[in-house]
Every structure is written in structure tokens, then in C-alpha cells.
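Read through the structure below, which is laid out as C-alpha cells, and then see the notes.
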Amino acid sequence: MSTKINSFIVFLSLMPIWYFKLEIYKVDILFFSIFLIIFFFLILIILNKLTFLNNKIYYYFFLSMIIYYGLDNHFGFHLELTNSFSILTMKLKDNIYLASLIVGSTIFITIFLFILLLKENGIKILSVFIVTIALFSIIDNSKSIKNLKNFDNAKQTKFNKPKLVFVFDETSGIGGFESSTKEGQIFDKNIKELSKENELQVYEKIYTHYKATTRSLTSLLNFKKIDNFKKYLDDKLDFFSHYNLKKNKFFDIHESVAVHQSVHMNFCDHKNVTKCKDFHPFEKKKYIEGFKNTKFTNLVNAWKLDGSITSLFVWRTLRQFNLINVNLSPQGEKGALIDLLDQALLDLHSKKYDLIFVHTLVPHKPYGFNKKCEYDGKRSLGNYRGTMSIENHTYQHNIERICLVSFLDIFFKKLEAKKIKFDKILFLSDHGSRNQRDNYESNHNVLFILKNAPSEYRLIKEKKFSQDEFKKIFKDY
């Protein structure tokens, strides 16, 4: 094959459409562009040298790798074929890496044998196939970062006493299964001390009716237990959002709602939402001490988010050697928790909204905090597929909860220092840790702390349910 054809195949295969759709070039266009250009010419030089060898099998093998990469790059084999919900992955006990290895190897061998059999004709056929998929990838906007919700249409109306409802995902409360250990008792002690210092109303035995986020929050925000969730929820399963809440009585009773949300559940389609902020992994933000917020972290995570099998293995390898952290959800949400708490304070202080509602996948697995409450990316590895004992899960979940208290302490100190006026501030969780699936306490015991204005410390020991108590607190507004 000629140098021109080699150049065409390499360019088309390596063309990083995700680089533009995810707008990763905005982080540092010079650094990323130089890196990609050097990589392109390196691959091309190797391929052209192999072209002139007498034994063409090396050329065909390397070209097969490039074509495989091109198809993977534009189609996204991991996203489409080996994601967590794929049949093969579920049959392999949710092992996305083994499923990806099987699928990737099968496709590569097929390409290699196809080229060996048809030679130049095979290369031409595959080149046309890459062109077709690349064109589709360019036209398809489902992966564009612009699909993230990010708007602020609040009017000039001032709300002197706004409310803040902040939902932590997968957080056990006081006195549950996780509190039976030494670290769990430290959490219970710390959360009670935080509540005394800040005059909070803290609940000791409070549970959710549902152990799934979608059901727990749908019931909570509609002030009732629900039998038919299809009337309230859309299963979206698009690139940036999984579920859409269609009915929301809590938002109905407010005039101007600011929402900060994770990718898991969308609350922003309600008519009273005047500000919406999806978690954006590549935006500039303040990260917790220890988080590796480097240019390389942004580049590799954007590549992985696009969904190729190649990027999945490179991403996982670099994490193993602690060369990058994950700034995608949910790990990135954990690393940027203090930044999110600060954004909630800014919205309270602005008085543009009568309600600020936040849902974050913190301290949801994968784990991330060490005992100093610094971010440690290696703790996010091996949290699933039964690779951790229940004892280790409980220990690390308690470390995450203890750190959560520390971050809340910072929040309340800032709240006091800024003298921000408010009506109510509620921190709660949707469900427990769920580390022991058949244990009611582990699944249903939740966090629930309330600050009124004016406020006083109260430790509520009676058994309650979060949805019922939420209705009691807010229904009369």
C-alpha cells in the first residue's frame, strides 16, 4: 500500500472526535494537540517502515491493530457491547474487563484474518467501513458535552430565607449496621458533636422506605409512598442521564429552584427550575487534597468516557499505577465535594432561589477518602464484584462517613462566617450503604440532619422514616 493510503487510514482511525465533542481541548489545546500530532506521526512512521518488509504479515498485523483501533474509536465497543448492562458482562459476573477482552480480541482476530485473506481488497473494504462509521460519529451528537444541562434563568426576585436540601447518595445514618464497629461509633460521635455545635436536629433511628435511589427520592419529593413508579419516572438511559423525574410536588410548592445534580437522575425538567447544573467532569473546580487534577487526567478520562475498549484498558492501567485519578462521575463528584458545598452556599447567599436542591453521588462507591480525608484514587479500585469483604466495606464506608462530617463542619463554619440567612437546611441520604444486601439496617438506615432558623440542638431517638419526616417538615409550605 502507498504512503498516502497508510496516512489516510492512520488519520481516519486515530481521529479523536471525542476530543471535540467533549470539548477537552478547552483544558489546554496546545498540550493536547501536540500530544496527538506526535502520536499520529509515530504510528505512521512505524506503519510505513513495515510496508517495505518482504514478509507482509507484520504490516498486516500492525495495520489490523490500527483498523481495530479506528473501529473501536468511532463505534465505542465498550459503551455499546461490554457495558455493565450488556448480556455478556452480566454472564461474566459484571466483569467489564473480561467481557471487553473477549469482544476486543474476537473483533481484532476477525479483522486480521480478513486482511490476510483478501489483502489489499480487504484493506479497501475496511477503509470504507471506517469512513462510514467515522462520518456517523461526526454527525451523532449524543455524546456532546453540550448535552449537559447548564442554565440559570433566575429572575431578579429576592428570597430572603431560602431552603437547602442536600442529598448524599448511599450514606448510612446513626446507629445502623455500619455503626457497630469502632469507626462507625466515631462517626456517630462526630455527627452528634457537629449537631450540637451547629444547633442541628439530628435523627438517630431514621429509615427510608426504599433502598433504591430512584424510588427513595421519587417518594420523598412527592410526599407519599408510591406503587407505580412508571407514572413518576422515565428510564432515559441516554449518554449523560439515566432517569428523569416527571412529577415533583416538592418543586411544585416553590417558585425558583436551583438544582445541582449527578448524571444518575434528572430533576431539571420541572417548570419551576430556574437554574440547573449537571456535574461536568472537565470544568475547572476545586478538588480535595490528594486529587490528581492534571491535564493527563482530563485527557484519559475524556477518552474513556467516549466508550472504546482500548481507552478502558489504558484508563484502568494508569489508575492501577496511580498516575491519574477519575474525574468522571461518581469518583469525580467525590473529589470535588467541597467545591459543590461551596456552590450551594453561593446559591443560598445569592437569594435568587427559594429552594436549592442538590443530589450528589457521594459517598457512593467507589471509595476515595483516606483517614486524613484526603483523596486517594487507589481506594476506588476493586470495590465491586465481591473483591472486598464485608468487614473492609464497612471500614471504608465509615471512613467516608467520618470525612463527610469533616466537610460538613467546614460548610457550617462558612455559613456562619458569611452570615447567610436561610429558612431550613437539610442534609439527608437516599438509602444506606447497601454493603450487606440482605441486612435491613445496612440498606435502609439513612442520614438525616436538619438546621432550622432559629434552631436548637435536638437528638431524635424515636424511629422515623425519611419520606414521612420530609413531608412533615415541608408539606405545609
Side-chain angles (χ1 to χ4, degrees), residues 1-22 33 35-83 86-89 92 96-143 302-315 317:
M1 300 296 286
S2 69
T3 302
K4 287 184 179 180
I5 293 177
N6 284 340
S7 299
F8 175 74
I9 293 173
V10 171
F11 173 76
L12 205 61
S13 297
L14 268 58
M15 183 169 56
I17 295 170
W18 53 268
Y19 177 73
F20 301 99
K21 290 196 173 182
L22 297 174
S33 298
F35 176 83
L36 292 169
I37 290 169
I38 291 173
F39 186 65
F40 169 80
F41 279 108
L42 181 63
I43 296 296
L44 186 59
I45 289 167
I46 295 171
L47 185 63
N48 285 334
K49 285 188 176 295
L50 293 174
T51 305
F52 297 105
L53 294 179
N54 292 327
N55 190 345
K56 293 296 182 182
I57 194 166
Y58 298 108
Y59 169 72
Y60 291 151
F61 184 84
F62 193 66
L63 186 63
S64 298
M65 291 175 62
I66 294 169
I67 292 173
Y68 165 79
Y69 178 87
L71 297 176
D72 188 23
N73 180 34
H74 298 307
F75 186 76
F77 290 144
H78 169 54
L79 181 67
E80 301 297 338
L81 303 177
T82 65
N83 62 70
S86 70
I87 295 173
L88 178 60
T89 300
L92 294 171
I96 59 173
Y97 300 103
L98 181 56
S100 297
L101 183 63
I102 292 170
V103 169
S105 299
T106 302
I107 294 172
F108 170 74
I109 291 170
T110 302
I111 292 169
F112 182 52
L113 292 176
F114 188 77
I115 292 175
L116 277 180
L117 182 65
L118 298 179
K119 298 183 172 52
E120 290 194 11
N121 287 333
I123 295 170
K124 290 177 182 177
I125 293 169
L126 290 171
S127 298
V128 172
F129 193 39
I130 291 178
V131 170
T132 305
I133 294 179
L135 287 173
F136 176 78
S137 182
I138 292 170
I139 296 168
D140 176 32
N141 285 319
S142 63
K143 297 179 183 179
W303 184 27
K304 190 269 177 186
L305 180 61
D306 190 56
S308 69
I309 285 177
T310 312
S311 66
L312 175 70
F313 283 107
V314 172
W315 175 78
T317 301

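Computed from a predicted structure; not experimentally measured. Quick note: numbers below take in every heavy atom, side chains included, and nothing from hydrogens, waters or symmetry partners.
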Worksheet item: Do Y68 and L126 have side chains that get closer than 4.5 Å, going by heavy atoms?
Response: no
Discussion item. With rounding to the nearest 0.5 angstrom, report the NE2 to CG distance, H74 to D306.
Written reply: 9.5 Å
Fill in: Heavy-atom pair of closest approach, residues S13 and I130
OG-CD1, 3.6 Å
Worksheet item: Would you say the side-chain atoms of S137 pair up with the backbone N or O of I133, donor to acceptor, closer than 3.5 Å?
Response: no
Response to the item:
L22 and A302 have their tightest heavy-atom pair at CD1-O, 3.2 Å
Fill in: Where N73 and L14 come nearest, the two heavy atoms and their spacing
ND2-C, 4.0 Å
Discussion item. Let's go through F129 and I67 carefully: what are the C-alpha distance in whole Å and the side-chain angles of both, what is the deciding distance for side chain to side chain contact (heavy atoms under 4.5 Å, CB included) to 0.1 Å, and is it a yes or a no?
Written reply: CA-CA 10 Å; F129 193 39; I67 292 173; over 6 Å; no
Worksheet, complete the sentence: Output for pair (L81 CG, S100 OG), nearest 0.5 Å, gives 9.0 Å
Fill in: Minimum side-chain heavy-atom gap K119-I123 below 4.5 Å
no
Fill in: Nearest-0.5 Å distance that lies between atom CD1 in I115 and atom NZ in K56
13.0 Å
Worksheet item: Looking at Y60 versus F114, is the centre-to-centre ring distance below 6.0 Å?
Response: no
Discussion item. In the structure I gave you, are the side-chain heavy atoms of F41 and I37 within less than 4.5 Å of one another anywhere?
Written reply: yes
Worksheet item: Between F11 and F40, how do the two ring planes meet: parallel, tilted or perpendicular, split at 30° and 60°?
Response: perpendicular
Worksheet item: How are the rings of F77 and F75 set relative to one another: parallel (under 30°), tilted (30 to 60°) or perpendicular (over 60°)?
Response: tilted
Worksheet, complete the sentence: In this structure, CG of L71 is separated from OG1 of T110 (nearest 0.5 Å) by 11.0 Å
Item to complete: Identify the heavy atoms of T82 and T89 that sit nearest to each other, and give their distance.
Response: O-OG1, 3.1 Å
Discussion item. Checking the side chain of D72 only, and the main-chain atoms of T310 only, is there a donor and an acceptor separated by less than 3.5 Å?
Written reply: yes
Fill in: Partner residues of S33 under the side-chain hydrogen bond (donor to acceptor under 3.5 Å, both in side chains) criterion, sequence neighbours left out
Y19
Worksheet item: Is there a side-chain contact between V10 and I66, using heavy atoms and a 4.5 Å cut-off?
Response: yes
Fill in: Spacing of L79 atom CG and L312 atom CG [to the nearest 0.5 Å]
11.0 Å
Discussion item. Checking ring pair (Phe, Tyr, Trp, His ring centres under 6.0 Å) between F108 and each of F61, Y69, F62, which is the one that passes?
Written reply: F61
Fill in: Between CH2 on residue W303 and CH2 on residue W18, distance to nearest 0.5 Å
7.5 Å
Worksheet item: Are side-chain N/O atoms of N6 and T51 paired as donor and acceptor at under 3.5 Å?
Response: yes
Worksheet item: Is there side-chain contact between L47 and I9, with at least one heavy-atom pair below 4.5 Å?
Response: no
Worksheet item: Do I43 and F39 pass the side chain to side chain contact (heavy atoms under 4.5 Å, CB included) test, and can you show the C-alpha distance, the side-chain angles, and the key distance before you say yes or no?
Response: CA-CA 6 Å; I43 296 296; F39 186 65; 4.2 Å; yes
Worksheet entry | Over all atoms of both residues, closest heavy-atom pair of H78 and I309 | N-CG1, 3.5 Å
Worksheet, complete the sentence: From the list L50, N48, L53, side chain to side chain contact (heavy atoms under 4.5 Å, CB included) with Y59 holds only for L50
